[in-house]
Student: 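The structure is given below, and queries will be raised subsequently.
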Amino acid sequence: MITGGASAIAFYMAWSIGSNDVANSMATAVGAKAITFRQAVLIAGVLNFVGAVFVGSHVTETIRGNIVKPSTISDPHALLLGFIASLLAAAIWVTLSTWKEMPISTTHSVVGALVGFGLIASGTQSINWFKLGQVASSWVLSPIVGCIIAFLVFRIIVKLIFDKAKPVESAKIVGPGIIGVTAFMIVSSLLMKTPLGEKIGVTTDLTVFTTSIFVGVIVALISMFLLRNIRAKSAEDYDTVERIFRRLQIVTSCYVAFSHGANDIANAIGPVAGIIPLASGQGFSSTAPVPVWLLALGGFGIAVGCLTWGHKVMRTLGYRITTLTNTRGFSVDFGAATTVLIASKLGMPISTSHTVVGAVIGVGLARGLAAVDLGIIKKIIVSWLLTVPVAAGTSALIFLLLKLII
Amino acid sequence: MEKEVEHFRAPIKDVVRRKSPFDGLLEHMRIVKKCVSLLGEGLTKYIDGDYENFSKLAKKVSELEHDADLIKGNIRAHLPKNIFMPVDKGEFLWLLREQDAILDHAENLVEMLDMRRTKIPKELRDDFKKHVNLVVSTVEAMEKAVENVKDLLETSFIRREREQTKKFIHEVHNREWQADKAKYTITKNIYKLEKKLKPMDIYHLLKIADWIDDIADHAENVADWLRAMIAR
């Protein structure tokens, strides 16, 4: 019963992530008309699911057992209620802030909620302060890293494509090159220390590396082949360059969706992953693998979120951010997705939306956008400072209430 | 339904502007283009002594000036302090201001001519027409330079595009210089007719030449600010 209820809330969280955060990060591709709303929903649904199931376990483990030290809470009942309280508190805060259109992050809500219950359940000793510090610094670092990568990718596009004598011809080589890197990142994340990697016998770092390089080169060659017939009308035919990137952006938007699934899935199912063994009477184990059905449930929730509500969000956003052309959108996507994927592999729960914002600012700083509103930085910092205490307070309150009732 | 759609958290929508200030600048420039081309035709007729539709032209120019003012105000209002642009915001606003000054001077010119329809003496008609054509072509050269901002933005200000813009700017200077020379010719020829013309006519003719020339001066200022704006 408890598992069922918790899964339902987790599903709701996944739905919320799917409808908001995914739509938010896919909107660059939709706004730049690289993909249609329908394709975006489909890509987001499928690749979030794939990312969640295959790479989602790292961050889930962090949420489950590395923020609050389960060993410090001896009563498994209290621990169970704590996880439920955190999940509920995060879901409530996310719903409220979505309603109020605040740029908060589901990640920050969940982490804040966990901290809240941990503190009230057994004081400061229950929190893994070192890990929490790492996570908190990753919140600051991820938008900055996203900003830097997007800045560099856009500068590469400018220097190696626009600044060349034949921009279109250069784009046909440089574009697929970056796509090859994208493929490398995805494949290596899928194989490095994952069950999938073990299954197909790719276990050592070296084999993972060579396999990924191989796939990356193949993908780059295929995209070069697909683009071979595009010709420039003149030396200043920048529209054709954009058209090339319109095609390439389909791949980077898949990259975004995949990375997103790998990271944000944990916000929905992390606490449930802690609840399941406790509810069935087993002790808490932070080493037990996250059940695949749970990852799949989260992935499915995200997909449903995209399908039911996400398309509306994407349509609205796609209409609003049309100034992000394909080369810009490509840089943003690549910067954000790479950051999120690396964070996922490191088990760092970060905010995808904030990373996307960092990436957009990066392209802006590279003189790639006509105008970037830096006022958002303040709003995001406020949302950080607000989300953690509010989620923590709510979670603590719900925890105490549940303890009284049950 | 429409209201429900808005309930989502999406920080990206607050970073990227829905409309670029440069789109506004080009939109404003297109009004300048339309206005100056109308003005060119209207002045040629005026010089030939055809005042038939001149009041209508004055009204039209005034309307265009007002439309452009709205665009200018809109651009300024949507450039808050925390906005980051690929060019200096101050230089951008000066460029806009000088572009707008072209319209102010065009409006002033037609209003003044409409108030006192000073007849242009036959001897001066060709000089005046030549001057008007040069002024209009200066503005046209300026339009071409400003229009290149699109390519500059697209390529993030690469050297090739900056060089091209500079070439267009050079052309503006060249034409403005010729317009100046044409004005001095007019002035000289007006003084030659000193004995023949009424003092008030002379005063007004000199003024007309100045007013027409003001338009080219401001087109040159636009080009200068553009040059400053695209400098590294």
Side-chain angles (χ1 to χ4, degrees), chain A residues 19-21 23-25 27-28 31 94 97-105 154-155 157-158 162-163 165 167 235-236 238 241-242 309 312-313 315-317 319-325 327 353-354 356-357 360-361 364-380 383, chain B residues 1-27 74-89 92-93 147-165 167-168 229-232:
Chain A
S19 54
N20 281 284
D21 302 325
N24 190 4
S25 36
T28 49
V94 164
S97 52
T98 307
W99 193 258
K100 289 280 162 208
E101 292 189 37
M102 282 150 60
I104 65 116
S105 146
F154 186 68
R155 287 313 295 168
I157 290 173
V158 170
F162 286 130
D163 210 6
E236 289 175 45
Y238 307 124
V241 175
E242 291 292 344
W309 191 255
K312 283 183 191 172
V313 180
R315 201 179 296 265
T316 315
L317 287 179
Y319 167 70
R320 284 196 191 173
I321 57 175
T322 45
T323 45
L324 273 180
T325 58
T327 44
S353 309
H354 296 177
V356 170
V357 168
V360 172
I361 292 174
L365 294 177
R367 293 180 113 190
L369 291 171
V372 180
D373 201 333
L374 297 178
I376 186 72
I377 297 176
K378 211 168 101 187
K379 279 194 211 167
I380 284 183
S383 89
Chain B
M1 203 65 202
E2 193 55 40
K3 218 179 161 208
E4 262 180 297
V5 174
E6 290 296 308
H7 289 299
F8 53 79
R9 37 172 212 281
I12 193 173
K13 75 170 197 288
D14 298 327
V15 209
V16 183
R17 298 252 130 190
R18 201 188 296 202
K19 214 179 142 204
S20 133
F22 294 93
D23 285 346
L25 181 75
L26 292 172
E27 207 182 313
N74 206 9
I75 299 172
R76 283 188 182 166
H78 289 97
L79 281 184
K81 276 218 162 55
N82 51 30
I83 207 109
F84 178 82
M85 284 168 67
V87 298
D88 186 273
K89 216 164 38 184
F92 174 85
L93 288 172
E147 192 81 51
N148 209 45
V149 160
K150 270 194 291 192
D151 279 354
L152 281 163
L153 280 175
E154 169 62 30
T155 60
S156 176
F157 301 83
I158 55 161
R159 178 183 295 273
R160 180 176 57 239
E161 290 301 332
R162 275 186 292 131
E163 291 305 323
Q164 199 174 52
T165 309
K167 232 185 266 167
F168 290 142
M229 200 175 86
I230 66 166
R232 272 185 186 267

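Lettering of chains follows the sequences in order, A, B, ..., and the numbering in each one begins at 1.
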Student: What part of A:K379 is in contact with chain B, defined as an atom under 4.5 angstrom from a non-hydrogen atom: side chain, backbone, both or neither?
Tutor: side chain

Student: For chain B, which of A:V94, A:I321, A:I377 has the most heavy-atom pairs under 4.5 Å?
Tutor: A:I321

Student: State whether the side chain of A:H354 and the backbone N or O of A:P103 hold a donor-acceptor pair below 3.5 Å, judged by distance alone.
Tutor: yes

Student: Need one label for A:V360: side chain, backbone, both or neither, based on atoms under 4.5 Å from any heavy atom in chain B.
Tutor: side chain

Student: Say you draw a straight line from CD1 of B:I158 to OH of A:Y238; how long is it, rounded to the nearest 0.5 Å?
Tutor: 4.0 Å

Student: Has the side chain of A:N20 got a donor or acceptor atom that lies under 3.5 Å from a matching backbone atom of B:R9?
Tutor: yes

Student: If you round to the nearest 0.5 Å, how far is OG1 of A:T98 from CD1 of A:I104?
Tutor: 6.0 Å

Student: Select, from A:S105, A:A366, A:A371, A:G364, the one with the greatest count of heavy-atom pairs under 4.5 Å involving chain B.
Tutor: A:A371

Student: In terms of heavy-atom proximity below 4.5 Å to chain B, should A:S25 be classed as side chain, backbone, both, or neither?
Tutor: neither

Student: Rounded at 0.5 Å granularity, tell me how far CZ in A:F162 sits from CZ in B:F157.
Tutor: 12.5 Å

Student: So which part of A:A23 gets closer than 4.5 Å to some heavy atom of chain B, the side chain, the backbone, both or neither?
Tutor: neither

Student: With a 4.5 angstrom heavy-atom cut-off, could you sort out which part of A:R315 is near chain B: side chain, backbone, both or neither?
Tutor: neither

Student: May I ask you to name which of A:L365, A:V356, A:D373 has the most heavy-atom pairs under 4.5 Å with chain B?
Tutor: A:D373

Student: So, the side chain of B:K89 versus the backbone of B:P80: is there a donor-acceptor pair under 3.5 Å, distance only?
Tutor: yes

Student: Based on non-hydrogen pairs under 4.5 Å, which of B:S20, B:P21, B:S156 is most in contact with chain A?
Tutor: B:S156

Student: Would you mind checking which part of A:I157 comes under 4.5 Å of any heavy atom in chain B, side chain (CB onward), backbone (N, CA, C, O), both or neither?
Tutor: neither

Student: Side-chain contact test, heavy atoms from C-beta onward, threshold under 4.5 Å: evaluate it for B:K19 versus A:T322 and give yes or no.
Tutor: no

Student: Using non-hydrogen atoms only, which part of A:L374 is less than 4.5 Å away from chain B: side chain, backbone, both, or neither?
Tutor: both

